There are 2 protein chains.
Amino acid sequence: MQNTDPTTPPIDASRATARRQQILCAAAECFREYGFHAASIAKISSIAGMSPGHIYHYFENKEAIIAAIVAQDLESLMTMTAEFRAAANIRTALIERAAEGVADQLDPVSAGLKLEIVAEAARNPHVGQIVREADATCRRELAITIRDIRRTAGHEDSPAAIDDMVEVLACLFEGLLLRTIRNPGLDHSGVALRIQTAISDLLNQPT
Amino acid sequence: MQNTDPTTPPIDASRATARRQQILCAAAECFREYGFHAASIAKISSIAGMSPGHIYHYFENKEAIIAAIVAQDLESLMTMTAEFRAAANIRTALIERAAEGVADQLDPVSAGLKLEIVAEAARNPHVGQIVREADATCRRELAITIRDIRRTAGHEDSPAAIDDMVEVLACLFEGLLLRTIRNPGLDHSGVALRIQTAISDLLNQPT
DNA sequence: TAACATAGAATGAGCGTTCAATCTAGAATA
DNA sequence: TATTCTAGATTGAACGCTCATTCTATGTTA
């Protein structure tokens with residue numbers, strides 16, 4: 001990856017990466033504003049500050065840009081999920097982090113792109129695969145976290161029961177993406193509190 | 001719906017309505033498969049069994065077709081919400097109907113179109129307005145229902161508290177639209193049961 | 001005949017993509 | 001140092017195609 005010759009500055013790799021990121025950043029902006037299909041290469045290239053043709057030096061085609069955006073967006077979700085497992089007292093950590101998670105989901109700008117991605121996943125097999133694989137990873141992490149919390153509280157659940165709880169937890173978070181579009185005026189802190197209580201109740205459900 | 005006069009064939013009004021519905025039906029199919037923007041008038045017209053130009057006798061433009069599809073989809077949601085209020089014992093009705101509602105939301109075909117609609121609402125002001133107005137109506141209905149249930153159980157909540165509960169209830173249902181795309185293999189009946197319990201817990205939350 | 005239903009070709013704009021030409025800056029040479 | 005060479009970065013016009021929409025002509029019915 002690194003340039004071994006000291007006489008030539010480390011241009012290539014880092015410059016190319018920066019250029020790629022520049023394109024992805026512009027593409028995300030266009031996708032948010034117009035959607036995947038109405039966002040044209042011409043618009044993306046103009047926002048990225050380069051010619052349309054040059055984009056094809058960094059991405060094979062438009063589909064590859066979409067895939068990269070999707071992967072980038074999901075990566076942030078996965079790191080967030082992984083953070084839960086690192087906490088010492090997991091139950092408290094989960095519920096306290098929930099408020100933060102709720103706030104993230106309620107940002108209408110990023111919510112629009114996330115919804116666009118899932119809608120695309122429903123019909124584009126390539127995007128669908130990326131999304132489903134990332135979701136499976138997140139579910140695995142969340143399942144372990146919930147199992148540990150329930151064990152500490154004295155519940156011994158079947159894996160299927162844990163999976164169902166993961167789904168309900170996911171509904172609470174992901175439902176917010178739709179809510180913030182359908183009702184932009186909702187009370188953020190009030191809803192966050194109610195969701196924290198709902199999560200707490202969920203973790204106390206009978207086996 | 002039927003023409004009562006046997007001498008005249010059922011032309012004008014009913015024929016035009018049928019033609020319109022034919023177009024809407026074909027459009028919904030295309031929108032599900034390709035999304036709003038990648039679904040072309042040519043594809044819609046071919047599925048509807050008529051020429052591209054003829055579609056413009058029934059709709060001003062493609063945007064009008066999208067708006068009609070959105071309005072039609074939301075109408076079904078609103079009648080479902082209104083049904084809750086008609087029930088005699090509302091709490092039981094709400095929770096029992098929930099299982100049915102969960103099943104509806106988990107159909108991946110209709111889920112794809114619903115997500116497409118909300119994603120479009122995030123960037124298309126016209127669609128956004130239709131969606132937000134329908135949502136406001138649903139929230140009003142749900143708020144009254146929840147208020148009555150809570151009153152019967154002896155809670156007197158502030159309107160804001162009720163609104164927050166409506167949002168969490170909506171998250172549980174609408175989150176399923178994303179879940180069924182991201183994890184098509186989830187256990188429908190298991191999740192339905194957990195969600196029923198979560199709704200029950202939500203209705204028992206402290207004021 | 002008058003009015004409407006329908007078809008399908010025509011139009012012009014915009015799309016993703018390609019590609020030959022140009023620029024740029026460091027390496028090599030003198 | 002001054003000049004030439006070279007390879008990658010970058011451009012923007014051009015291509016073939018599809019799009020939404022319009023227009024004209026042809027049934028079809030009352």
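As the structure is a prediction and not an experimental result, all values here were calculated from the model. Proteins get letters first, then strands, A, B, ... in listed order; numbering begins at 1 in each.
Comparing C:dA7, D:dT11, C:dT17 by their closest approach to the side chain of A:Y56 singles out C:dT17. Closest approach to the B:H54 side chain among C:dA7, D:dT21, C:dT17 is made by C:dA7 (side chain taken as heavy atoms from C-beta onward). Here the nucleotide nearest the side chain of B:S51, chosen from D:dG12, D:dT21, C:dA7, is C:dA7. Checking C:dG16, D:dT21, D:dC19 against the side-chain heavy atoms of B:A42 singles out D:dC19 as nearest. Minimum atom distance to the side chain of A:P52 is reached by D:dG12, of the listed D:dG12, D:dT10, C:dA7.
Remark: A:R179 engages B:D135, B:E167, B:E174 in a salt bridge (charged side-chain N to carboxylate O under 4.0 Å, His left out) (not counting sequence neighbours). Residues satisfying the salt bridge (charged side-chain N to carboxylate O under 4.0 Å, His left out) criterion with A:R91, sequence neighbours excluded, are absent altogether.
Taking only side-chain nitrogens and oxygens, A:S40 never comes nearer than 4.0 Å to OP1 or OP2 of C:dG14. A sub-4.0 Å separation between OP1 or OP2 of D:dT10 and a side-chain N or O of A:Y58 is present.
Rounded to an integer number of Å, the gap from NE2 of B:H57 to C1' of D:dA25 is 12 Å. Atom CZ in A:R20 sits roughly 14 Å away from atom P in D:dA9 (whole-Å rounding). The separation between B:I41 atom CD1 and D:dT21 atom C1' is 9 Å, rounded to whole Å. One interatomic measurement links the two molecules: NZ of A:K43 to P of C:dC15, which rounds to 6 Å at whole-angstrom precision. The separation between B:I55 atom CD1 and C:dT6 atom C1' is 12 Å, rounded to whole Å. Counting to the nearest Å, the P atom of D:dT21 and the CD1 atom of B:I23 are 13 Å from each other. A straight line from CD1 of A:I66 to C1' of C:dC15 spans 14 Å, rounded to a whole angstrom. Here D:dT18 presents its C1' atom at 14 Å from OH of B:Y34, a figure rounded to the nearest Å.
Nucleic acid contact for B:A39: sugar-phosphate only, since backbone atoms but no base atoms lie under 4.0 Å from a heavy atom of the residue.
The closest side-chain donor-acceptor pair between A:Q129 and A:R132, if any, does not fall under 3.5 angstrom.
We find that B:R139 and B:D163 are not joined by a salt bridge, their nearest charged nitrogen and carboxylate oxygen being 4.0 Å or further apart. With respect to the salt-bridge test (charged N to carboxylate O, under 4.0 angstrom), the residues B:R97 and B:E100 qualify.
Both A:E60 and A:A38 sit near DNA chain C, but only A:A38 has its closest nucleotide nearer the 5' end.
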- Chi angles and distances behind the salt bridge (charged side-chain N to carboxylate O under 4.0 Å, His left out) call for A:D157, A:R147: CA-CA 7 Å; A:D157 308 289; A:R147 189 201 58 196; over 6 Å; no
- Note on the structure: For DNA chain C, the dot-bracket notation using Watson-Crick and G-U wobble pairs below 3.5 Å, [ ] for pseudoknot-type crossings and | for other-strand pairs, is ||||||||||||||||||||||||||||||
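The backbone N or O of B:Q72 lies less than 3.5 Å from no partner atom in the side chain of B:S76, so there is not a single donor-acceptor pair.
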